Amino acid sequence: MEFEPVIGLEVHAQLKTETKIFCACTTAFGNAPNANTCPVCTGMPGVLPVLNKKAVTFAIRAALATHCTIAEESRFDRKNYFYPDLPKGYQISQYAAPIAEHGHLDIETEQTGAKNIGITRIHMEEDAGKLIHDPVRGTSMVDLNRTGVPLIEIVSEPDIRTPAEAGAYLRKLHAILRYIDVCDGNMEQGSFRCDANISLRPRGQDAFGTRTELKNLNSFRHVEKAIQYEIDRQTYVLEQGESVIQETRLWDPDGNKTISMRGKEQAHDYRYFPDPDLVPLIVDQDWITQVADQMPELPEAKKTRFMSDYQLSAYDAQILTADINLAAFFETCVKDLSHVKQAANWICTTLLGLLNAKGLDITQSPVSAKDFGTLMGLLESDTITAAVAKTVFEEMAQTGADPVAIVKEKGLEQVSDTAEIQSLVDTILAENPDEVAAFRNGKTKLFSFFMGQIMKKTRGKADPKIVTPVLQSKLNPEK
Ligand code: ADP
Ligand code: MG
Ligand code: ZN
């Protein structure tokens, strides 16, 4: 029997507010444990939560960017459970009446093409604290700095069918939240985390099968790998004639497998009820309009604009707009250039290649957008050759020096004086009589050997557009 995977994703995104969702404590990352706490976020008796307006504005922005309908009235509930990182014994979350519902996200994958993934709802909630386990002393400590940091949870419909679609959905959502500046998207620090729900059903059947929920997925790669593992595992279970157990499983990135963590709890286990300390949240049309008016350009719109303004291919535009900072880098870089397509190529290959190799993101680029633009300008004006531009780029990346200064200091300007090139070609041919004879006997592949010799002598400075015809005519004197 053939099975079809059904996947739904829950994303928790930490909102970039300066203070927590129900108190004035800072949300700054990296302070001493428990430094960012007060009686409200540590759940002392008698305190009252006060909702952070900025957090609501950010949630509205996220809702608009994902085409959700925003509720005029939503509510906060208490989700009751015990855990040492949850001092109140309950988490304040929106359950029955979330701030936004019925959105969607457009994705595209190579295998399954363009698709529309439904968003069930977005709700606001507070984060819990963190336990730090010390295996040496056999103790655990609790850090409540994260307790009360505002989150939105974005719940997708079970519309996803492949690991690649899950990856595309997450990358798109991640890009959008960064574009609208509501979440820093740092997956290692947990500002953007994903739980994946997976089930299988016989192909053609409408009813969903039993799902498992995967946690601990802190990179896009892990999500895709974990989902694939879980599809394979469930397929095996079903093929054995057994049933999938509804449970929460943990991704083990070192073992490349998922491990059963606990039986899946049901909503009624949490004894949800409306938080009596908080009034209903009212979002009127004025507030929504105000947020909508300040909405920045979204990835899709930027991609379309890049294609029309700069005549970029869909492929290049997609790469350059996937991250808002990369898009900004590109636009700064090409401000004074006319050969924009060339600069786009260099960014997508040479620059991104270097950043990937060094594990840096674009904001950490050792070469600034302005300097990169200057380098592209030197190439565009034929001041330097492409080969030299590569060398200059490498030096810029290492020393941070200005490209014009590097070119001047090392005398790297392109040699495009025809007479100079002609005498250079004469020298090279005189130095390599055997190869010249072989070439003239039909070994035309040697052309690149001569080209290489000339580039070697000039350290890549000779203009290939001039060298090529000169070399051609001197190697084929009868023509
Ligand atoms: P909970 O909060 O208990 O995890 P929800 O009903 O909110 O439960 O669902 C969470 C996620 O699970 C959603 O993204 C939804 O699309 C997905 N989901 C629900 N049922 C299935 C299923 N049978 N297979 C795969 N995903 C599912
Ligand atoms: Mg869940
Ligand atoms: Zn506090």
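Predicted model, so just to flag it, every value in this text is computed and none were measured. Sequence positions, counted from 1, serve as the residue numbers for this chain. First listed ligand is number 1; within each ligand, the first listed atom is number 1.
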At the Zn ion (ligand 3): angle between C25 atom SG and C38 atom SG, to 10 degrees
100°
Which of the ligand 1 atoms, numbered from 1, are nearer than 4.0 Å to a heavy atom of V6
24 (N), 25 (C)
Using 4.0 Å as the upper bound for N to carboxylate O, is an ion pair formed by R78 and D277?
yes
Throw together a table of side-chain donor-acceptor distances under 3.5 angstrom for residues 23-39, partners on residues two or more places apart or in other chains.
unit_1 : atom_1 : unit_2 : atom_2 : d
T26    : OG1    : A28    : N      : 3.0
T27    : OG1    : T17    : O      : 2.7
T27    : OG1    : E18    : O      : 3.2
N31    : ND2    : N36    : OD1    : 3.0
N34    : OD1    : L144   : N      : 2.7
N34    : ND2    : V142   : O      : 3.1
N36    : ND2    : A28    : O      : 3.0
T37    : OG1    : N34    : O      : 2.9

Result block: side-chain N/O donor-acceptor pairs under 3.5 angstrom for residues 64-75, not counting sequence neighbours:
unit_1 : atom_1 : unit_2 : atom_2 : d
T66    : OG1    : A62    : O      : 2.8
T66    : OG1    : A63    : O      : 3.3
S74    : OG     : Q94    : NE2    : 2.9

Just which atoms of ligand 1 are under 4.0 Å from any heavy atom in E157?
16 (O)
Between K341 and D316, does any side-chain N to carboxylate O distance fall below 4.0 Å?
yes
So is there a nitrogen or oxygen of G209 less than 3.5 Å from a nitrogen or oxygen in ligand 1?
yes
Give the numbers and elements of all ligand 1 atoms closer than 4.0 Å to a heavy atom of P158.
16 (O)
Before accepting this row, confirm whether a basic side-chain N of the pair K115/D106 lies closer than 4.0 Å to the acidic partner's carboxylate O.
no
Sub-4.0 Å atoms of ligand 1 with respect to non-hydrogen atoms of L9
14 (O)
If the cut-off is 4.0 Å to any non-hydrogen atom of S199, which atoms of ligand 1 fall inside it?
22 (C), 23 (N), 24 (N), 25 (C)
Do D195 and R249 meet the salt-bridge criterion of a basic N to acidic O distance under 4.0 Å?
no
Which option, E213, R211, E10, owns the non-hydrogen atom nearest atom 8 (O) of ligand 1?
R211
For ligand 1, the portion of T120 having any non-hydrogen atom under 4.0 Å away:
neither
In plain terms, say whether E126 and K20 are close enough for a salt bridge, that is, a side-chain N and a carboxylate O under 4.0 Å apart.
no
State whether a side-chain donor-acceptor pair under 3.5 Å links T120 with E101.
no
Of L200, I7, N197, the one whose closest heavy atom lies nearest atom 17 (C) of ligand 1 is N197
So for R121 against ligand 1, with non-hydrogen atoms under 4.0 Å, the contacting part is side chain
Please say whether V155 places an N or O atom under 3.5 Å from an N or O atom belonging to ligand 1.
no
